[in-house]
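See structure below.
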Amino acid sequence: MSGSPVYIEGKLLGAVAYAWPFGKEPIAGITPFVQMRQYAEAYEKREIAEKETTKRIGLAEPWRIDGRSFDSVTVTDRFTGPEPKLEDGLWMMPLRTPLAVSGLSERSLAVLKDTLAPYGLVPMQGGGVGGDVPDAEKNVALQPGGVLSIGLITGDFDMSGLGTTTHIDGKRVYGWGHPMMGLGACDFPS
Amino acid sequence: MTGYVHTIMPLQSVSFKMGSPLKTVGVINADVSTCIAGWLDRKPDMLPVSIHVKREGAAKGRTFNVEVIRFKDLMGGLVQSALVNCIDMEGEWAR
């Protein structure tokens with residue numbers, strides 16, 4: 001899941017943030033934790049148009065994956081537009097943020113569809129808030145590897161982005177390995 | 001917020017998880033290109049929204065209370081979505 005911490009010899013390397021479409025190998029793109037911390041402390045902000053870039057990067061040596069050889073990889077930050085096909089070669093795409101929705105009708109979600117799409121936010125019906133969750137899981141504390149969600153709507157019905165906690169330093173929390181909307185400074189419930 | 005993952009939806013393109021939020025434990029105050037970051041034990045500044053729906057001819061209506069993030073690009077859509085949902089749950093469409 002996006003934000004899952006990756007360690008080497010017990011040291012935090014970063015967070016899982018990109019995936020290979022159609023990939024059968026357990027390979028993922030990782031956001032370095034040092035960049036997560038630096039950017040968060042600087043409240044770095046980028047406009048959507050600036051974020052939506054696609055770059056093709058040549059590889060020093062060809063990679064062989066699933067019996068095919070690749071000499072370059074395309075890395076994109078785009079959430080909109082057609083998804084790459086198998087014959088398009090190697091692509092790394094940002095993991096989308098699923099919006100868990102509880103108690104919202106299909107018509108009410110249709111209202112938001114076009115508004116949310118440019119941000120890579122995909123609303124989908126989740127379980128009831130706490131309703132289908134085992135009692136032992138309801139009071140689990142935030143911890144690296146556990147769910148870190150952001151509520152857009154909370155209360156009698158709910159819409160929340162879901163990702164994974166990467167690191168907790170005292171009361172400071174880092175997660176996801178990618179933005180929710182790339183707003184810079186914000187004030188969301190966590 | 002803490003949360004619970006119910007299942008993973010396996011897709012050939014990119015798989016994703018389905019889950020539910022649980023408890024609010026703090027604030028996310030940074031949404032940057034490399035991560036989100038925040039503080040535990042703080043409270044966010046949300047827009048409180050109370051919507052009362054009463055069907056014509058009904059003895060009493062129903063009130064829904066939610067809080068919406070204060071982000072101008074989404075706030076209008078989120079409040080409109082909440083309104084539509086309240087009508088779907090209690091109004092003519094629910095019958």
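Note on naming: letters A, B, ... go to the chains in the order of the sequence lines (proteins, then strands), and numbering restarts at 1 for each one. Computed over heavy atoms, backbone and side chain alike; hydrogens, waters and symmetry mates excluded.
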Exercise for the section: Decide yes or no for L22(B) and V140(A): does some side-chain heavy atom of the first lie under 4.5 Å from some side-chain heavy atom of the second? Expected result: no
So, do T166(A) and C35(B) sit near enough that their side-chain heavy atoms are less than 4.5 Å apart? no
Applying a strict 4.5 Å limit to non-hydrogen atoms, the region of T63(B) in contact with chain A is backbone
With chain B, the option among L116(A), I150(A), L109(A) that has the most non-hydrogen atom pairs under 4.5 Å is I150(A)
Against chain B, residues from residues 34-41 of chain A with at least one heavy atom under 4.5 Å, in numeric order, are Q35(A), M36(A), Y39(A), A40(A)
CD of E90(B) to CG of D88(B), rounded to nearest 0.5 Å, is 11.5 Å
Open item on the list: Between N29(B) and W39(B) (side chain of the first, backbone of the second, donor and acceptor by atom type, cut-off under 3.5 Å), is there such a pair?
Closed with: no
Any donor-acceptor pair under 3.5 Å from T2(B) side chain to K23(B) backbone
yes
From the list E106(A), K171(A), H167(A), the residue making the most non-hydrogen contacts under 4.5 Å with chain B is K171(A)
### Any donor-acceptor pair under 3.5 Å from S190(A) side chain to G26(B) backbone
no
Rounded to the nearest 0.5 Å, the OG1 atom of T34(B) sits from the NE2 atom of H178(A) at a distance of 11.0 Å
If one checks every heavy atom of L112(A) against chain B at 4.5 Å, the contacting part turns out to be side chain
Q: Report yes if the side chains of M75(B) and R70(B) come closer than 4.5 Å at any heavy-atom pair, otherwise no.
A: yes
Does T31(A) reach the main-chain N or O of G14(A) with its side chain, forming a donor-acceptor pair under 3.5 Å? no
Cut-off 4.5 Å, heavy atoms of chain B, and the answer for T115(A) is both
Among T24(B), L47(B), V27(B), D73(B), the residue with the most heavy-atom pairs under 4.5 Å to chain A is V27(B)
Most heavy-atom pairs under 4.5 Å with chain A, out of P48(B), G77(B), S81(B), belong to S81(B)
Under 4.5 Å to a heavy atom of chain B? For S160(A) that would be side chain
- Item | Side-chain donor/acceptor of R172(A) to backbone N/O of G38(B), under 3.5 Å | yes
Counting heavy-atom pairs under 4.5 Å with chain A, the top scorer among L83(B), V68(B), D41(B), L78(B) is L78(B)
Open item on the list: Could you check whether any side-chain N or O of D31(B) sits under 3.5 Å from a backbone N or O of M181(A), counting only pairs where one atom can act as donor and the other as acceptor?
Closed with: yes
Ranking I153(A), D187(A), V111(A) by heavy-atom pairs under 4.5 Å to chain B gives rank one to D187(A)
If one checks every heavy atom of V173(A) against chain B at 4.5 Å, the contacting part turns out to be both
Ranking N85(B), V84(B), V66(B) by heavy-atom pairs under 4.5 Å to chain A gives rank one to N85(B)
Query raised in the report: If only atom types and distance count, is the side chain of D156(A) paired as donor or acceptor with the main-chain N or O of N65(B) below 3.5 Å?
Result: yes
